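If you're wondering where the values come from, they're calculated on a predicted model, not measured in any experiment. Quick note on labels: first sequence line is chain A, next is B, and so on, each numbered from 1.
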Number of protein chains: 2
Amino acid sequence: MIGKSASGQGAKAAPQTRIQRAKREAILEAGLTVFSEAGFRGATLDRIASEAGLSKPNLLYYYPSKEAIYEALLRGLLETWLDPLQAIDPKGEPVEELLGYVRRKLQMSRDFPRQSRLFANEIVQGAPRIIPVLEGELRGMVDRLSTVIEGWIAEGRLAPVDPRHLMFSVWSLTQHYADFDVQVRAVLNNDDPYPGAETHLELLFRRLLTP
Amino acid sequence: MIGKSASGQGAKAAPQTRIQRAKREAILEAGLTVFSEAGFRGATLDRIASEAGLSKPNLLYYYPSKEAIYEALLRGLLETWLDPLQAIDPKGEPVEELLGYVRRKLQMSRDFPRQSRLFANEIVQGAPRIIPVLEGELRGMVDRLSTVIEGWIAEGRLAPVDPRHLMFSVWSLTQHYADFDVQVRAVLNNDDPYPGAETHLELLFRRLLTP
DNA sequence: TTCCGATTTGACCAACCGGTCAAATCAACG
DNA sequence: CGTTGATTTGACCGGTTGGTCAAATCGGAA
């Protein structure tokens with residue numbers, strides 16, 4: 001499971017030399033590639049190890065199990081993922097704040113597609129390891145933001161929309177370009193989707209949200 | 001691979017008794033459940049067999065391999081999937097035609113979530129078995145529809161949108177409710193998402209598409 | 001009942017995979 | 001150097017999994 005724990009190191013406060021950090025980093029990097037391509041079950045330690053330039057036992061010297069690598073990745077991912085949500089300013093201009101959020105999310109799809117796919121893989125297959133986080137932190141943040149949005153609507157500074165379904169729309173529209181990349185590129189004859197996506201989503205959300 | 005072939009039975013014209021058809025159907029049904037939950041690699045023949053009420057060798061008597069079951073599912077899926085697209089009438093009222101498409105797609109997410117997740121699993125992991133179909137049939141259909149939409153826009157009966165990104169929007173927004181069901185329900189405190197989704201998507205696309 | 005092809009199954013196999021272990025190698029410090 | 005702890009590795013293990021096979025069972029036609 002992924003629940004919370006003391007953020008940094010465990011209570012043991014291991015030394016963590018620079019080399020150790022580098023190897024652990026290389027393993028996470030390789031794990032991200034492999035897990036995002038194949039899902040948890042489809043990934044093999046051999047492939048992760050070879051991708052990271054280590055032998056399998058050596059890899060297991062740094063992380064005690066496949067699960068441990070995967071959970072370390074998910075934990076790191078969730079922070080990055082929830083961050084742009086935090087950045088929405090309740091005191092800002094509503095339409096612009098939300099458009100900024102959309103833009104940031106779309107950039108994440110473009111710049112970190114593997115993370116997006118890792119997340120997608122996990123959720124599509126029932127999110128066995130992060131349901132608690134979804135029902136806890138995520139729901140909390142969405143609830144809070146929903147209140148803000150409802151306030152904006154009541155003030156007439158935003159068109160009336162269901163705040164939660166608005167969130168779903170932002171997530172699905174932006175992440176689609178990372179998660180369904182193969183399909184998108186097949187339809188677009190392999191052109192870069194992002195310039196078009198940017199202007200399309202800007203238009204879509206401006207139309208939806210402007211009072 | 002999935003490419004095309006003589007549509008119905010193979011050239012051999014096997015008899016296909018009613019019992020055979022029923023068992024093959026049961027296997028596909030079980031396969032759909034298991035593959036959509038676990039992905040190709042995560043699914044096991046033992047689980048599919050037990051879900052279908054057969055022994056593993058018995059299952060392999062009807063389908064020669066795991067791959068064969070999976071491909072049979074994908075093949076059937078693609079037909080159902082591309083169908084609602086065909087149903088768009090170039091001579092109809094643009095906004096209503098497209099809204100109808102959205103409605104049908106959302107219904108499919110609600111009524112056949114396993115199919116949606118199977119498809120999502122396949123695409124997220126690189127669509128190794130259906131890229132040809134995506135680059136062939138799907139791209140063809142989207143290209144044709146894009147011409148229609150551009151015509152509608154030129155006639156001023158539809159707000160100017162990029163037709164292809166419009167398709168992506170429809171797909172992502174509707175399929176999200178099936179594929180990311182766990183997340184959606186976590187945020188909604190386990191309420192039924194669909195009533196809200198319907199009115200939200202209706203609003204969204206009406207705003208986007210009305211000239 | 002007898003026969004024959006279709007169906008079903010228990011036993012089994014080889015490949016793969018996550019993980020262990022003891023021995024080897026390395027690197028830093030006195 | 002030599003020692004000591006950290007790091008690396010080849011060999012190996014047990015469980016799982018896709019798939020095979022020969023034998024058993026079934027079910028309908030004669």
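- In the helix from dT1(C)-dA30(D) to dG30(C)-dC1(D), the terminal helix axes, each the rotation mapping four pairs' C1' atoms onto the next four within five end pairs, subtend 10°, rounded to 10°.
- Judged as a side-chain hydrogen bond (donor to acceptor under 3.5 Å, both in side chains), and not counting sequence neighbours, Asp192(B) has no contacts.
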Pull out every protein N or O sitting under 3.5 Å from an N or O of nucleotides 4-9 of chain D, one pair per line with the distance.
residue: dT7(D); atom: OP1; partner: Gln20(A); partner atom: NE2; Å: 3.4
residue: dT7(D); atom: OP2; partner: Gln20(A); partner atom: NE2; Å: 3.2
residue: dT7(D); atom: OP2; partner: Tyr61(A); partner atom: OH; Å: 2.6
residue: dT8(D); atom: OP1; partner: Lys23(A); partner atom: NZ; Å: 2.3
residue: dT8(D); atom: OP2; partner: Asn58(A); partner atom: OD1; Å: 3.3
residue: dT8(D); atom: OP2; partner: Asn58(A); partner atom: ND2; Å: 3.2
residue: dT8(D); atom: OP2; partner: Tyr62(A); partner atom: OH; Å: 2.7
residue: dT8(D); atom: O5'; partner: Asn58(A); partner atom: OD1; Å: 3.1
residue: dT9(D); atom: OP2; partner: Ser55(A); partner atom: OG; Å: 3.2

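- Residues passing the side-chain contact (heavy atoms from CB on, under 4.5 Å) test with Ile131(A), sequence neighbours excluded: Ala127(A), Glu135(A), Val182(B).
- Annotation: side-chain hydrogen bond (donor to acceptor under 3.5 Å, both in side chains) contacts involving residues 26-39 of chain B, sequence neighbours excluded, comprise Glu29(B)-Arg114(B), Thr33(B)-Arg114(B), Glu37(B)-Arg47(B).
- Partners of Arg117(B) under the side-chain hydrogen bond (donor to acceptor under 3.5 Å, both in side chains) rule, at least two apart in sequence or in another chain, do not exist in this structure.
- In this structure, Leu60(A) atom CG and dA11(D) atom P are separated by 18 Å, rounded to whole Å.
- Sequence neighbours left out, the pairs with a member in residues 50-64 of chain A that pass salt bridge (charged side-chain N to carboxylate O under 4.0 Å, His left out) are Asp46(A)-Lys56(A).
- For Lys23(A), the side-chain contact (heavy atoms from CB on, under 4.5 Å) partners are Ile19(A), Tyr62(A), not counting sequence neighbours.
- Classification of Arg207(A) and Glu202(A) as a salt-bridged pair fails, no side-chain N sitting under 4.0 Å from a carboxylate O.
- Partners of Phe35(A) by ring-ring contact (aromatic ring centres under 6.0 Å, His included), not counting sequence neighbours, listed by chain and number: Phe40(A), Tyr70(A).
- Residues forming a side-chain contact (heavy atoms from CB on, under 4.5 Å) with Leu106(B) (at least two apart in sequence, or on another chain): Thr174(B), Tyr177(B), Tyr194(B), Ala197(B), Glu198(B), Leu201(B).
- In the region residues 33-52 of chain B, proximity to DNA chain D at under 4.0 angstrom, judged on heavy atoms, holds for Ala43(B), Thr44(B), Leu45(B).
- The side-chain hydrogen bond (donor to acceptor under 3.5 Å, both in side chains) analysis of residues 77-92 of chain B, with sequence neighbours excluded, yields no pairs.
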